[in-house]
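These numbers come from the heavy atoms of this one structure, side chains and all, not from hydrogens, waters or symmetry mates. Nothing here was measured: the structure is a model prediction, and the numbers come from that model. Residue indices begin at 1 and follow the sequence shown.
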Amino acid sequence: MKRLIIIGIGAGDPDHLTLQAVKAIAATDVFLIVDKGEVKHELVQLRLDLIAEHGRGPYRIAEARDPERDRTTPAYAAAVDDWRARRALACEALIRDELRDGETGAFLVWGDPGVYDSTLAVVEEILRRGNVTFAYEVVPGISSVAALTARHRTSLTQVGRPVHLTTGRRLAEHGPTADDMVVMLDAHCSFAGLDDFHIHWGAYLGTPDEILVSGPVSEVGDRVRELRAEARARKGWIMDTYLLRRTSRPEA
């Protein structure tokens with residue numbers, strides 16, 4: 001039986017790697033890497049650096065190109081489903097062709113595989129198709145949410161208040177859904193106009209390019225938009241997230 005480990009490697013700082021993740025990397029025979037292209041090569045390079053430091057030879061590295069995703073279509077859910085299906089085919093080929101029976105393969109996943117990552121859904125889709133069989137386990141990692149709250153020295157939760165994890169798209173469509181919200185995948189800074197909220201924002205968390213901004217949305221919102229646009233233009237990509245915390249209760 002082939003064995004697969006989905007290893008969370010943290011939000012960007014090599015020191016985010018847990019001892020469990022270090023042991024999993026050391027136990028891996030084949031590292032399976034899905035390359036997002038030259039623009040995001042540094043995301044691959046971090047994985048290669050971690051493998052070089054913690055892998056125990058002899059091991060192999062097998063790569064596949066991540067399929068392009070249509071980010072312009074208004075049919076967002078359908079575009080994601082299509083991309084995941086094509087990504088599953090690429091990952092299935094890696095597992096089928098590069099991983100021998102009795103060997104352990106690993107996907108090194110940014111952040112925590114259980115928080116806003118498609119790898120688990122892709123792996124389940126591969127197993128459902130039944131063309132290749134394997135056992136798999138998941139090693140959790142430090143998520144961007146944990147890195148964000150740590151860098152801003154704030155807690156994720158407050159007494160008696162829930163936290164809603166959502167996307168920028170849903171925030172733009174439905175407005176605030178809780179007094180405390182973690183927002184991801186927000187290309188359009190959908191916090192605009194939420195002047196009764198405080199924002200803790202972070203980009204490239206745990207990396208040398210890390211950017212942090214904190215303050216009332218009414219005071220720092222424009223600054224966040226400017227920094228985000230400048231950073232994305234400079235690097236060609238951006239990964240950011242933020243925590244919104246209501247500072248005044250809405251009137252009933």
Side-chain angles (χ1 to χ4, degrees), residues 1-11 18 20-21 24-25 27-37 39-41 43-44 46-48 50-51 59-145 165-170 173 182-187 237 239 241:
M1 174 71 75
K2 299 179 180 184
R3 177 171 174 256
L4 193 64
I5 315 177
I6 315 300
I7 306 174
I9 60 172
T18 66
Q20 185 182 14
I25 291 174
T28 296
D29 300 302
V30 186
F31 294 95
L32 309 173
I33 295 178
V34 181
D35 190 346
K36 293 181 178 290
V39 172
K40 294 185 177 180
H41 179 70
L43 302 182
V44 172
L46 174 65
R47 291 167 169 85
L48 296 177
L50 294 175
I51 293 167
Y59 57 75
R60 307 189 305 280
I61 296 175
E63 296 189 42
R65 186 63 182 267
D66 197 20
E68 295 293 331
R69 193 176 99 198
D70 186 355
R71 299 179 182 275
T72 61
T73 177
Y76 175 77
V80 170
D81 288 343
D82 174 70
W83 168 73
R84 280 186 176 175
R86 288 182 289 116
R87 194 172 209 240
L89 287 174
C91 292
E92 180 180 299
L94 281 177
I95 297 168
R96 182 192 65 229
D97 300 337
E98 303 293 343
L99 190 60
R100 306 184 188 113
D101 287 342
E103 287 187 326
T104 297
F107 286 107
L108 273 56
V109 174
W110 206 261
D112 185 336
V115 181
Y116 254 96
D117 183 79
S118 65
T119 304
L120 298 184
V122 165
V123 167
E124 284 295 325
E125 182 170 339
I126 294 170
L127 288 172
R128 277 196 299 273
R129 283 206 290 258
N131 297 323
V132 59
T133 58
F134 52 89
Y136 82 94
E137 62 183 281
V138 180
V139 175
I142 294 176
S143 68
S144 61
V145 179
L165 184 66
T166 189
T167 64
R169 181 183 296 268
R170 293 191 67 83
E173 291 176 352
V182 174
V183 184
M184 297 180 170
L185 303 177
D186 188 4
W237 63 276
M239 288 197 299
T241 188

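Of all the heavy atoms in L32 and F107, the pair that sits closest is O-CD2, 3.2 Å. Residue C91 comes nearest to V34 through the heavy atom pair SG-CG2, 3.8 Å, listed as atom of the first residue, atom of the second, then distance. Across M1 and A135, no two heavy atoms sit closer than the pair SD-N, 3.7 Å. Shown here for T28 and I5, the closest heavy-atom pair between the two residues is OG1-CD1, 4.4 Å. Between A85 and E125, the shortest heavy-atom distance links the atoms CA-OE2, 3.6 Å. Contact detail for P113 and G8: the closest heavy-atom pair is CD-CA, 3.6 Å.
Side-chain contact check for R170 versus L185: every heavy-atom pair is 4.5 Å or farther apart. Annotation: side chain of L120 is in contact with side chain of Y136 (closest heavy-atom distance under 4.5 Å). Between F134 and I95 there is a side-chain heavy-atom pair separated by less than 4.5 Å. You'll find the side chain of L48 stays beyond 4.5 Å of the side chain of F31, heavy atoms only. Proximity of N131 to R96: side-chain heavy atoms (C-beta onward) are nowhere separated by under 4.5 Å.
Separating the CG atom in L108 from the CD1 atom in I51 is a distance of 5.5 Å, to the nearest 0.5 Å. With values rounded to the nearest 0.5 angstrom, D186 atom CG is found 8.0 Å from T167 atom OG1. How far CG of L94 is from CG of L99: 10.0 Å, rounded to the nearest 0.5 Å. Atom CD1 of I7 sits about 12.5 Å away from atom CG of D112, to the nearest 0.5 Å.
A donor-acceptor pair under 3.5 Å links the side-chain atoms of T241 to the main chain of V183, judged by distance alone. The closest donor-acceptor contact from the side chain of D35 to the backbone of R65 lies at 3.5 Å or more, if one exists at all.
A salt bridge links R129 with E92: the closest approach of a Lys/Arg side-chain nitrogen to an acidic carboxylate oxygen falls below 4.0 angstrom. Looking at E103 and R60, a side-chain N of the basic residue comes within less than 4.0 Å of a carboxylate O on the acidic one, giving a salt bridge.
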Stepwise side-chain contact (heavy atoms from CB on, under 4.5 Å) test for L43 and W110: CA-CA 8 Å; L43 302 182; W110 206 261; 3.6 Å; yes
V145 vs M184, side-chain contact (heavy atoms from CB on, under 4.5 Å): CA-CA, chis, key distance, verdict: CA-CA 9 Å; V145 179; M184 297 180 170; 3.1 Å; yes
Residues E63, I61; criterion side-chain contact (heavy atoms from CB on, under 4.5 Å); working and verdict: CA-CA 7 Å; E63 296 189 42; I61 296 175; 4.2 Å; yes
side-chain contact (heavy atoms from CB on, under 4.5 Å) between M239 and S144, intermediate numbers included: CA-CA 9 Å; M239 288 197 299; S144 61; over 6 Å; no
